[in-house]
Amino acid sequence: MKITAIHLYAIHLPLHVPFVVSYHTYDYMPSVIVKIETDEGIVGYGEAVADEHVTGESWEGVYQILKNTLAPVVMGKNPMEIEKLHDYMNKAIYGAPTAKAAIDIACFDIMGKKLHQPVFQLIGGRYHDEFPITHVLSIAEPEEMAVEAAEMVEQGYRSFKMKVGTNVSLDVKRIQAVRSRVGKEIAIRVDVNQGWRNSATTLTALNQLQGCNLDWVEQPVVADDIDGMVEIKAKSVFPLMIDEGLKGPREMLEIIQKRAADKVNIKLMKCGGIYPAVKLAYQAELAGIECQIGSMVESSIGSAAGFHVAFSKKVIKSVELTGPLKFSKDVGNLHYDVPFIRLTEKPGLGVDVNDEMLKELTVFHESVHLKEENV
């Protein structure tokens, strides 16, 4: 089997409400959908959702890298040979994990369809039967976040990820307000997205939150400050999770060596796709560090890819892949049994792509084909 065509769709995914994190407000999510065709007629879909603040990639940049750099080097290659494909991509360009993730995900979708198996069966088999869905609370005023949390508890949610990181004193009030409103039994995870910047500010905030019973605190300091995480971990009563500070195996090795976190947040867009994510999970497991699969707020395609990794690994204890629940329109049909996610046995990613919706959401589109002499 060989890759014969790669179609690129730069799309805007519309959100029900704006998504607010410490460094940006999103009115829609820009994404690049990749459709790979093969000489056997099997088609696979992948996705790239870039975040300039995390990997240094932009929506437009990812599109151009896919079109001009990665599509040409994988064209004519066997999509089943995933290790070799990553080697080709890594030799063609340093970094660019989000762009590489789109190719990786589409190839796994093809592999699953070729073998008539869901992707999770290709990377270890099903371990988990279901995961609870965590509702993400965007940054707002304390009372607004508390009211939204209470409404979501009524809908059956038992855990929340709170986005904070704009103002430390106000962040403390936000967390206290939500905890007060939902009671002691509901799980609360706090995601600072680097917003508290350094260990001194973080420790001040955490000391004020000691009565709030938090599951964990995620990435309070800037991404590269691994030593700051070490200091916080030594002095805090709350478990710590690294997100932006973990991209690939090099960062994971440093985190392990320094015991810089209790948990790590693996994202396919940060590490380069399904295959690298599985490798990171194995690294973490060897060190006794629990994992979560998170997202950059992808559509059904990217979210399904993350779920397949999560469902196949014992060391992955939680997921935060709620993009499809946030979109008013989506290109795929990933199904959630709110407040749970349960994967089907459908082959590949298990997602049917709506071509009409893909066309509607597309801002620009191009295709790269295998040249005649290489067929």
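The shown structure was predicted, so the numbers you read here are calculated from the model rather than taken from an experiment.
With respect to the salt-bridge test (charged N to carboxylate O, under 4.0 angstrom), the residues Lys258 and Glu254 qualify. Ion pair Glu360/Lys329 flagged as a salt bridge, since at least one NZ, NE, NH1 or NH2 atom sits closer than 4.0 Å to an Asp/Glu carboxylate oxygen. At a threshold of 4.0 Å, the pair Lys317-Glu290 does not count as salt-bridged, since none of the basic side-chain nitrogens sits closer than that to a carboxylate oxygen.
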### Message
Let's go through Phe131 and His128 carefully: what are the C-alpha distance in whole Å and the side-chain angles of both, what is the deciding distance for ring-ring contact (aromatic ring centres under 6.0 Å, His included) to 0.1 Å, and is it a yes or a no?
### Response
CA-CA 7 Å; Phe131 277 104; His128 301 280; 4.5 Å; yes
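In this model, no donor atom of one side chain and acceptor atom of the other lie less than 3.5 Å apart for Asn193 and Gln219.
A donor-acceptor pair is defined here as one N or O able to donate and one able to accept, closer than 3.5 Å; no such pair exists between the side chain of Glu57 and the backbone of Glu52. Proximity of a side-chain donor or acceptor of Lys100 to a complementary backbone N or O of Ile93 within less than 3.5 Å is detected. Side chain of Ser303 to backbone of Glu298: a donor-acceptor contact under 3.5 angstrom is found. Using modelled atom types, one side-chain atom of Lys270 and one backbone atom of Asn265 make a donor-acceptor pair closer than 3.5 Å. Between the Thr362 side chain and the Phe364 main chain, no donor and acceptor come within less than 3.5 Å of each other. Under the 3.5 Å distance criterion, the side-chain polar atoms of Asp262 are matched with a main-chain donor or acceptor of Leu240. Between the side chain of Asp109 and the backbone N or O of Ile105, no donor-acceptor pair lies under 3.5 Å.
Note on ring orientation: taking the six-membered ring where Trp is involved, the planes of Tyr157 and Phe160 are tilted (angle from 30° to 60°). In this structure, His24 and His53 have tilted ring planes: the angle between them lies in the 30° to 60° band. Classification of the His7-Tyr9 ring pair by plane angle, with boundaries at 30° and 60°, yields tilted.
Rounded to the nearest 0.5 angstrom, Lys163 NZ and Ser138 OG are separated by 8.0 Å.
Just one residue in the list Leu70, Leu370, Leu66, Val74 forms a side-chain contact (heavy atoms from CB on, under 4.5 Å) with Ile6, and that residue is Val74.
Cation-pi contact between Lys77 and Tyr88: present, with separation from the ring centre below 6.0 Å and deviation from the ring axis of at most 45°.
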